[in-house]
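We name chains A, B, ... by the order of the sequence lines, and we start the count at 1 in each one.
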Number of protein chains: 2
Amino acid sequence: MVHSRRSEKLREIIEERIATGRYMPGMRLDETELANEFEVSRTPIREALMQLAYSGLIDMRPRRGAVVVEITPQRLCEMFEVMAELEAMCGRLAARRMTAADQHALLKAHRTCEEAHKKNDPDAYYRRNERFHMAIYAASHNGFLIEEADALHRRLSAYRRLQVRVRDRMRTSFLEHSSIVEALIAGDGEKAAEMLRKHVIVQGERFADLIASLSSFGISGESG
Amino acid sequence: MVHSRRSEKLREIIEERIATGRYMPGMRLDETELANEFEVSRTPIREALMQLAYSGLIDMRPRRGAVVVEITPQRLCEMFEVMAELEAMCGRLAARRMTAADQHALLKAHRTCEEAHKKNDPDAYYRRNERFHMAIYAASHNGFLIEEADALHRRLSAYRRLQVRVRDRMRTSFLEHSSIVEALIAGDGEKAAEMLRKHVIVQGERFADLIASLSSFGISGESG
DNA sequence: AACCACGTTCTTGTATACAAGAATAATTGT
DNA sequence: ACAATTATTCTTGTATACAAGAACGTGGTT
């Protein structure tokens with residue numbers, strides 16, 4: 001058995017389960033229970049939970065255990081607002097700094113999105129959309145920015161997954177991607193930034209869509 | 001004795017020590033040593049270290065202990081580049097959303113900076129400058145953004161402290177503050193954003209200044 | 001004398017034991 | 001019968017014990 005910090009992997013697994021909605025907001029995470037499930041002691045479980053608490057995914061009140069944070073719609077919009085700005089920044093930098101290899105990766109990711117769109121496969125589109133955005137982050141050539149954008153993107157992935165299912169969202173998203181690619185390839189940083197900002201931010205009718213999907217997700221609903 | 005998670009406070013203390021340069025980059029953090037110093041067991045120390053590792057302040061290689069991360073000049077510039085963008089975003093939002101109370105707080109913070117500037121007291125200016133920037137963050141009325149800006153600001157505080165000592169930097173900084181305040185009060189979000197971006201970003205001759213101060217700080221020097 | 005192998009020691013990673021606060025259930029008083 | 005208070009139980013927070021890998025030193029060999 002490899003003895004090299006299990007809490008890392010445990011954190012990733014729990015993070016994933018929160019992101020995919022298996023651990024719903026408001027749900028209590030019992031240390032002993034998790035320890036039994038993963039067949040480890042409470043120690044690595046606790047270490048994983050501490051990290052998640054620090055990153056804001058769970059809330060650990062002293063002596064009251066870990067709870068998956070209930071993200072209010074307002075909070076979620078705030079997070080998307082910041083995400084939009086980070087992506088806009090990536091786009092602005094990418095337009096100036098991207099290499100031929102970056103362009104190639106971006107175009108490839110865009111084409112795979114197109115496939116998923118044509119097949120009308122929201123799950124595939126969701127995954128390929130992630131790669132599209134990652135390609136833009138990478139092209140910014142700012143390592144720290146890439147990490148931050150990546151981290152926030154992961155935190156929002158559960159809600160992004162929901163958004164893709166909204167009627168016509170996939171088509172709109174893909175069309176926006178096309179314009180973004182165009183601006184990036186043309187080297188127009190400001191335009192790319194502006195389009196990415198609008199692409200990511202949640203406002204207007206998309207806000208209503210989000211609220212609607214949240215309630216089906218169990219957030220701000222009857223969950224206590 | 002209050003039994004409510006010591007690792008929180010321990011994390012803050014260690015974080016502070018890294019920020020102020022007491023724990024220099026490259027320095028090894030011995031769990032047992034820290035446990036003895038704080039008169040606790042290794043358990044809460046470890047929990048604090050895990051959190052710091054997750055937030056990127058220290059590096060924990062399996063079985064090789066915790067080491068304060070060596071931030072390269074490039075990395076530091078990347079971080080300031082992101083900080084600049086977050087502050088610009090705060091400014092843009094603040095110009096639109098700030099209340100009378102926000103304006104009052106901002107002007108007050110600005111005046112206390114002026115005092116420190118006139119007394120030619122870099123340490124006081126450093127502290128009051130923090131409050132000035134915090135006032136802008138708060139005025140953005142985006143709770144998530146405030147937290148993120150705050151966290152990154154803290155991570156960069158050690159380097160900011162050095163920058164203030166650069167000749168004439170305090171005067172330049174204060175003049176820039178004045179323009180920023182003007183733009184914010186006038187409600188000109190784009191201008192405020194642009195000025196904040198330039199105020200925070202490290203480039204040109206300020207980059208050279210940073211490199212120079214870093215070597216005296218022990219970074220990228222002979223420290224292993 | 002230099003290099004490799006082995007063993008010692010030291011520190012981290014994990015498990016378990018123990019303590020203390022919070023939730024809950026039971027009991028008693030009004 | 002209902003509420004309040006207390007006792008019990010349950011879970012977290014901390015300490016300590018133990019195991020395993022890594023660093024380091026020593027000794028032997030070439």
Novice: Return the CZ to CZ distance between A/R154 and A/R160, rounded to the nearest 0.5 Å.
Specialist: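 With rounding to 0.5 Å, CZ (A/R154) is 12.5 Å from CZ (A/R160).
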
Novice: Could you check whether B/E47 and B/Q51, counting side-chain N and O atoms only, form a donor-acceptor pair closer than 3.5 Å?
Specialist: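 There is no such pair (donor and acceptor under 3.5 Å, judged by atom type) between the side chains of B/Q51 and B/E47.
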
Novice: Taking the side chain of B/R28 as heavy atoms from C-beta outward, which of D/dT12, C/dA15, C/dT11 is closest to it?
Specialist: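 Among the listed nucleotides, the one closest to the side chain of B/R28 is C/dT11.
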
Novice: Rounding to a whole Å, what distance do you find between A/E47:CD and C/dT12:P?
Specialist: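 It works out to 12 Å between those atoms.
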
Novice: Return the 5'-most residue of the pair A/S41, B/E31 with respect to DNA chain C, ranking by each residue's nearest nucleotide.
Specialist: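 Nearer the 5' end of the strand: B/E31.
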
Novice: What is the distance, rounded to the nearest whole Å, between atom CZ of B/R61 and atom C1' of C/dG13?
Specialist: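 My rounded result for the distance is 17 Å.
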
Novice: What integer distance in Å separates A/R42:CZ from C/dG13:C1'?
Specialist: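 Going from A/R42 (CZ) to C/dG13 (C1'), I get 16 Å.
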
Novice: From the list C/dT14, C/dT12, D/dT16, which nucleotide is the closest neighbour of the side chain of A/R6?
Specialist: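 Among C/dT14, C/dT12, D/dT16, the one nearest the side chain of A/R6 is C/dT14.
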
Novice: Counting side-chain heavy atoms from CB outward, which of C/dT11, D/dT12, D/dG13 is closest to A/T32?
Specialist: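 From the listed options, D/dT12 comes nearest.
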
Novice: Quick one: B/L10 CG to D/dT14 C1', roughly how many Å, whole number?
Specialist: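 Those two atoms, CG and C1', are 12 Å apart.
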
Novice: If only side-chain N and O atoms count, and only distance matters, is there a donor-acceptor pair under 3.5 Å linking A/E147 with A/Y137?
Specialist: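 No, because no side-chain N or O of A/Y137 sits under 3.5 Å from a partner of the opposite role on A/E147.
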
Novice: Contact class for B/R64 vs. all strands (heavy atom < 4.0 Å): base, sugar-phosphate, or nothing?
Specialist: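 Contact class for B/R64: sugar-phosphate only.
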
Novice: Can you label the angle between the A/H133 ring and the A/H153 ring as parallel, tilted or perpendicular, going by 30° and 60°?
Specialist: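 Judged by the thresholds at 30° and 60°, the geometry between A/H133 and A/H153 is tilted.
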
Novice: Whole angstroms only, please: what is the CZ-C1' distance between B/R46 and C/dT16?
Specialist: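 Nearest whole value for this atom pair: 15 Å.
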
Novice: From the options D/dA23, D/dT11, C/dA15, select the nucleotide whose nearest atom is closest to the side chain of A/V40.
Specialist: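 Looking only at side-chain atoms, A/V40 lies closest to C/dA15.
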
Novice: Identify which nucleotide among C/dG13, C/dT14, D/dA15 has an atom closest to any side-chain atom of B/R63, counting heavy atoms from C-beta outward.
Specialist: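 Selected nucleotide (nearest to the side chain): C/dG13.
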
Novice: Can you check the B/I45 CD1 to C/dT11 P distance for me, whole Å?
Specialist: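 The distance from CD1 of B/I45 to P of C/dT11 comes to 15 Å, rounded to the nearest Å.
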
